[in-house]
Amino acid sequence: MDTDALVAEIEASSAGTDGVVALVLDPGAGLGLATASGADRWSVATDDPAGVVDALERALGPRWAVWSSATAVALARSGVRLARCWDASAVHRLLFGGWRADPGRIWARLHGLSTTSLPAVGPVDLFSQPDEADADRPVRADGHLNPGWIAGEWTEAPERFGAWAAVLAEAVQRQRAMVDRVASDEDRPMAVRTAHSESTAELLCAELAVDGLPMDRAAMEALVSSYVGPRPTSPQDAVQLRDARDEQVLRHVPEGVRFDLRSPSQVKSMLRMVSVEVPDTRAWRLERIRDVHPLVDALLTWRKAERIHTTFGYAWLDENLGADGRFRGEWSGSDGAAGRMTASAGLHNMPADLRGGVVAEPGHVFVRADLGQIEPRVLAAVSGDRTLAAATQADDLYAPVAAELGVDRATAKVAVLGAMYGQTTGEGARALVGLRRSYPVAMVYLDAADRAAQVGTDLRTYGGRLVRMGSAALGEPGQPGSMGDREARSRAAARGRYGRNAMVQGAAAELFKVWAVTVRARGRAIDASVVLCLHDELLVHVPVEHADAAAALVDDALQEAAARWAPDRSVRFLADTSIIPTWADAKS
């Protein structure tokens with residue numbers, strides 16, 4: 001079948017199904033397609049499946065249903081960008097929490113089947129004789145998906161392509177019904193929109209992984225060298241460079257005394273030798289006494305260099321920085337907890353000192369935007385606290401809160417953040433009394449999440465993501481597996497703190513992703529592409545002639561995203577946006 005005929009058939013078949021088309025892809029052999037109901041399916045054998053998808057995308061612009069972002073990654077590597085999708089793995093995490101979301105698990109949960117012992121591909125023996133009929137069909141007699149098909153056996157014959165797509169279509173149809181129930185029965189009206197934005201975020205993740213982050217190798221190597229020395233020319237050279245770094249610390253102790261700087265216990269002994277007593281050697285603790293003795297300052301400087309050497313050194317660059325000047329890692333739209341985007345290869349914890357190596361390509365600049373005071377603004381939106389919403393109209397939210405509470409700004413900030421993180425001691429905790437008086441709706445929202453989490457009740461964020469809290473079963477004192485009252489209370493309190501924070505962090509992650517995918521969509525017209533998503537920060541790469549337009553686009557996209565995410569528009573969201581040549585030029 002030629003592509004035009006395929007377009008016509010799909011267009012006719014998908015009428016009334018919200019334009020959803022299930023897609024499974026074998027990059028080397030073809031693809032399978034199915035309508036939302038799975039009733040109509042197509043197996044397309046071709047050596048250019050990405051080209052077929054691209055033609056369908058241009059002609060129909062459907063909402064593509066895929067098992068996971070692996071499909072988008074394969075397409076992105078062929079230069080094909082999908083506009084929108086329904087990612088079954090992303091929606092599974094939204095509905096059921098956690099991170100594991102393979103097709104077998106997705107199917108089992110949607111059909112009420114056990115996930116404790118999912119079928120797996122294994123050697124045949126006397127005790128595991130497979131049903132021969134099961135091998136040729138995607139769903140086994142016991143209702144589970146065929147593990148062989150999940151592992152790729154659906155690609156062994158072209159006629160299987162459409163059958164596997166039809167299985168995906170049925171799974172997505174059930175997911176959509178479940179999301180609708182969450183929206184109505186569990187009073188999470190944003191759940192459908194969240195499913196769409198979470199899915200599109202996986203498309204963005206695929207593009208981030210394939211396209212990479214612009215990086216100047218020479219600039220980055222110069223920064224690495226400034227901390228750890230030149231690139232070693234041999235193993236012996238590497239040892240000498242390491243010893244030289246260590247010596248910058250050890251020269252502050254008596255001659256002839258040696259310590260292993262990589263051993264916390266020996267570091268404590270070393271500090272004790274110069275009359276510095278500490279209960280542990282955590283960086284924050286040492287930072288407080290940096291000026292007490294030159295050894296402490298040298299140790300902290302050494303630690304920064306050691307971290308760069310072991311995690312962000314020359315091997316790190318060699319492994320992840322391509323010859324095209326793009327640094328690549330794997331991306332996921334959800335961390336499996338409250339739903340924050342994650343990245344591998346150090347993209348989310350690169351030391352600020354190395355950001356000078358992240359340089360826009362010639363003729364390009366970065367537009368960097370960071371959401372301002374996002375957590376308290378999100379709290380105002382999700383709780384419906386009108387008084388706190390009024391405070392968000394100020395550029396600095398903490399100023400009106402401080403005035404309301406009758407405290408200084410620093411105390412107001414600690415109090416608000418402490419309320420979201422469950423702080424119960426200190427100056428911020430004392431200001432909680434004022435918060436409860438002035439912002440009762442927001443505090444009740446947080447307290448309700450805290451109480452539910454303490455007893456192990458799962459939570460759902462504003463956007464409908466399930467946050468698993470685990471079992472609160474504590475057992476009877478003195479019985480096997482039980483715990484004492486003190487430990488039980490401590491664990492319950494920790495769950496409560498996690499729960500109240502997850503409701504805010506999760507909602508903030510949802511808003512951030514709506515913003516990011518809006519920038520992704522709107523930026524195409526001016527060749528602006530998102531190259532990094534870091535917590536609440538976007539980095540957009542754009543031709544220099546479109547820099548001002550891109551900066552305006554990023555800010556406009558935030559308002560558009562906020563209007564979609566919090567339709568009553570009572571809360572003001574803002575971003576600190578700048579045009580910069582390198583990431584290091586951004587204001588911290």
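Computed from a predicted model, the values in this text were never measured in an experiment. Every heavy atom of this structure was used, including side-chain atoms; hydrogens, water molecules and symmetry mates were not.
- Note that CG of L94 and CZ of R460 are 7.0 Å apart. Values are rounded to the nearest 0.5 Å.
- Under a 3.5 Å cut-off, the side chain of H92 and the backbone N or O of L110 do not form any donor-acceptor pair.
- Counting only distance, with no hydrogens or angles, the side chain of D585 and the backbone of T582 share a donor-acceptor pair below 3.5 Å.
- L82 and R524 get closest at one heavy-atom pair: O-NH2, 3.4 Å.
- For W42 and F161, the ring centers are positioned 6.0 Å apart or more.
- Annotation for R217 and L321: closest pair NH2-O, 3.0 Å, computed over non-hydrogen atoms.
- H364 and E545 are not linked by any side-chain donor-acceptor pair at a separation below 3.5 angstrom, with hydrogens and angles left out of the test.
- Surrounding CD of E330 are at most 12 heavy atoms belonging to other residues, nucleotides or ligands under 6.0 Å away.
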* Apply salt bridge (Lys or Arg N to Asp or Glu O under 4.0 Å) to the pair D87 and R93, showing each step before the final yes or no. => CA-CA 10 Å; D87 186 298; R93 296 181 185 114; 5.4 Å; no

* Test salt bridge (Lys or Arg N to Asp or Glu O under 4.0 Å) on D395 and R572 and set out the steps. => CA-CA 9 Å; D395 288 352; R572 181 185 176 214; 2.6 Å; yes

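- Side-chain atoms of D458 and V467, non-hydrogen and from C-beta on, never get closer than 4.5 Å to each other.
- Here the shortest heavy-atom pairing between T194 and E510 reads CG2-CG, 4.2 Å.
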* Test log, rule salt bridge (Lys or Arg N to Asp or Glu O under 4.0 Å), inputs K413 and D396 -> CA-CA 10 Å; K413 179 178 180 179; D396 179 11; over 6 Å; no

* Asked: How far apart are the C-alpha atoms of E198 and W86, what are their side-chain angles, what is the distance that settles it, and do they pass the side-chain hydrogen bond (donor to acceptor under 3.5 Å, both in side chains) test?
  -> CA-CA 9 Å; E198 293 287 317; W86 181 284; over 6 Å; no

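- S199 and R84 are not linked by any side-chain donor-acceptor pair at a separation below 3.5 angstrom, with hydrogens and angles left out of the test.
- Counting non-hydrogen atoms of neighbouring residues, nucleotides and ligands closer than 6.0 angstrom, the CZ atom of R58 reaches no more than 12 such neighbours.
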